[in-house]
Number of protein chains: 2
Amino acid sequence: MATHDGSTRYHHGNLRPTLLSVARALLEEGGPAALSIREIGRRSGVSAPAAYHYFNSLDAIAAALAEQGFVELSESIDAALAGPRRNLLAGGIAYVAFARANPGLYRLMFGEGFQAYSKGNEAIRALRMQVYGQMKDDLEKRLTPEDVPNAALFLWSLTHGLALLMIDGQVEPGADPDAKVEDILKLAGMGLPAAR
Amino acid sequence: MATHDGSTRYHHGNLRPTLLSVARALLEEGGPAALSIREIGRRSGVSAPAAYHYFNSLDAIAAALAEQGFVELSESIDAALAGPRRNLLAGGIAYVAFARANPGLYRLMFGEGFQAYSKGNEAIRALRMQVYGQMKDDLEKRLTPEDVPNAALFLWSLTHGLALLMIDGQVEPGADPDAKVEDILKLAGMGLPAAR
DNA sequence: GGCATGATTTTAACGATGTAAAGATTAGAT
DNA sequence: ATCTAATCTTTACATCGTTAAAATCATGCC
């Protein structure tokens with residue numbers, strides 16, 4: 001079997017990271033459904049069962065990718081929250097921007113892709129909660145304590161929903177999607193416009 | 001092969017509806033990923049390729065289920081909008097209630113399940129837009145025209161996001177989920193609580 | 001009533017997938 | 001240099017979606 005640079009060593013030498021980056025490319029090409037252990041092996045220049053030395057299953061690869069995603073999303077939100085505008089709006093914009101830049105990954109992190117039911121996606125749920133906690137912590141600096149839980153869920157719902165609608169192509173693509181996101185998220189602070 | 005009532009006719013006699021209802025049960029048991037043409041056949045007391053007389057593919061079965069879902073969701077929203085409270089809040093509550101009552105179906109309608117990329121899920125996108133239009137129409141009776149587009153997307157994002165978070169078990173299950181939904185959706189009218 | 005026609009379903013088969021088991025190859029320590 | 005453990009391959013199995021061909025049934029026509 002040949003490595004992807006043409007040489008033909010028996011040992012790949014750098015397989016685990018290669019598998020992950022190939023998997024991630026696959027994920028962005030075709031969404032979570034396109035993740036395939038055989039295809040990952042093929043593109044990595046390696047036979048399919050080789051992956052089983054580093055991951056117990058295809059689901060384990062998906063979980064590793066999701067974990068990467070949560071780290072990156074978390075960093076991205078942190079950066080926005082610490083940036084020049086240091087407000088919730090900036091955090092929300094960063095959140096949606098991450099989803100738009102990594103739609104396959106975002107769907108993996110928050111969609112099915114793991115059997116949403118039955119199985120032990122307990123780890124994923126915890127990672128999601130961590131992101132939620134990040135928003136919540138920030139809200140605690142701004143609101144009275146009893147308002148926080150509902151405000152946090154409100155904000156998360158809005159941001160999550162907007163992110164999904166956008167990566168699902170459900171928002172008519174205007175000239176400047178970032179501006180659109182900002183317009184929508186701004187309404188969170190004011191509520192809907194007054195009735196006429 | 002035996003029918004599910006024990007008799008053993010060659011012709012099933014009522015196959016198409018049976019396939020759909022079995023598929024829907026499967027969908028709610030295990031989510032969109034659990035849809036399997038062979039399992040549908042098995043549970044319908046029929047061989048797998050029999051389904052191909054009524055549907056071109058597994059995706060076609062999924063599409064038919066999704067269509068059912070959109071009809072039901074639409075009716076449910078209409079009923080709420082025409083009901084005693086006849087306001088947007090009631091519509092939103094009905095929307096989320098539908099998702100909570102049919103989580104598998106809702107995920108099929110709005111999640112992946114169809115290859116979100118590449119393929120022709122154009123019909124699904126149109127059906128989604130129809131639901132969106134329903135909310136939008138109602139908003140038009142209440143707001144000045146230029147406010148409508150952003151308000152509609154705002155509302156849809158919030159409702160859709162909340163629905164998904166709830167059926168993903170991401171909202172700590174309190175005593176009364178319906179009340180929680182109402183609390184959150186109410187914030188859409190007022191905006192976030194004032195800073196302390 | 002007998003029979004042809006068309007609708008419905010079955011069996012058999014193909015290619016692809018995830019994964020397990022067993023063997024080959026290689027790197028690194030002693 | 002040899003032994004050991006890590007890494008990777010080949011082979012194999014069960015399952016899946018789907019196609020092709022054959023079997024069975026229902027129905028209208030004579």
Practice task
Tell me whether the OP1 or OP2 atom of dT9(C) has a side-chain N or O from Y52(B) closer than 4.0 Å.
Solution key: no

Handout entry: Integer-rounded Å distance: dT19(D) P and L58(B) CG
Key = 12 Å

Fill in the blank from the handout: Walking DNA chain C from its 5' end, the first of R42(A) and A51(B) to be reached, judged by nearest nucleotide, is A51(B)

Exercise for the section: To the nearest Å, give me how far apart CZ (R38(B)) and P (dT18(D)) are. Expected result: 11 Å

Problem - Atom-pair distance (CG on N14(A); P on dA27(C)), nearest Å - result: 15 Å

Handout entry: Below 4.0 Å: OP1/OP2 of dA6(D) and any side-chain N or O of Y54(A)
Key = no

Handout entry: Spacing between H53(A) atom NE2 and dT19(C) atom P, to the nearest angstrom
Key = 16 Å

Exercise for the section: Please say whether more than 12 non-hydrogen atoms of neighbouring residues, nucleotides or ligands are located less than 6.0 Å from CD in E172(A). Expected result: no

Practice task
Using a strict 4.0 Å threshold on nitrogen-to-oxygen distance, state whether R125(B) and D168(A) make a salt bridge.
Solution key: no

Handout entry: Heavy-atom side-chain proximity of R100(B) to V96(B) below 4.5 angstrom
Key = yes

Exercise for the section: Ignoring backbone atoms, establish whether S36(A) has a side-chain N or O less than 4.0 Å from OP1 or OP2 of dG18(C). Expected result: yes

Exercise for the section: Determine: side-chain N/O of R16(A) to OP1/OP2 of dC8(D), distance under 4.0 Å, yes or no. Expected result: no

Practice task
Measure from CG on L19(B) to P on dG17(D) and round the result to the nearest Å.
Solution key: 13 Å

Exercise for the section: Could you check whether the rings of H160(B) and F110(B) sit parallel, tilted or perpendicular, using 30° and 60° as the cut-offs? Expected result: tilted

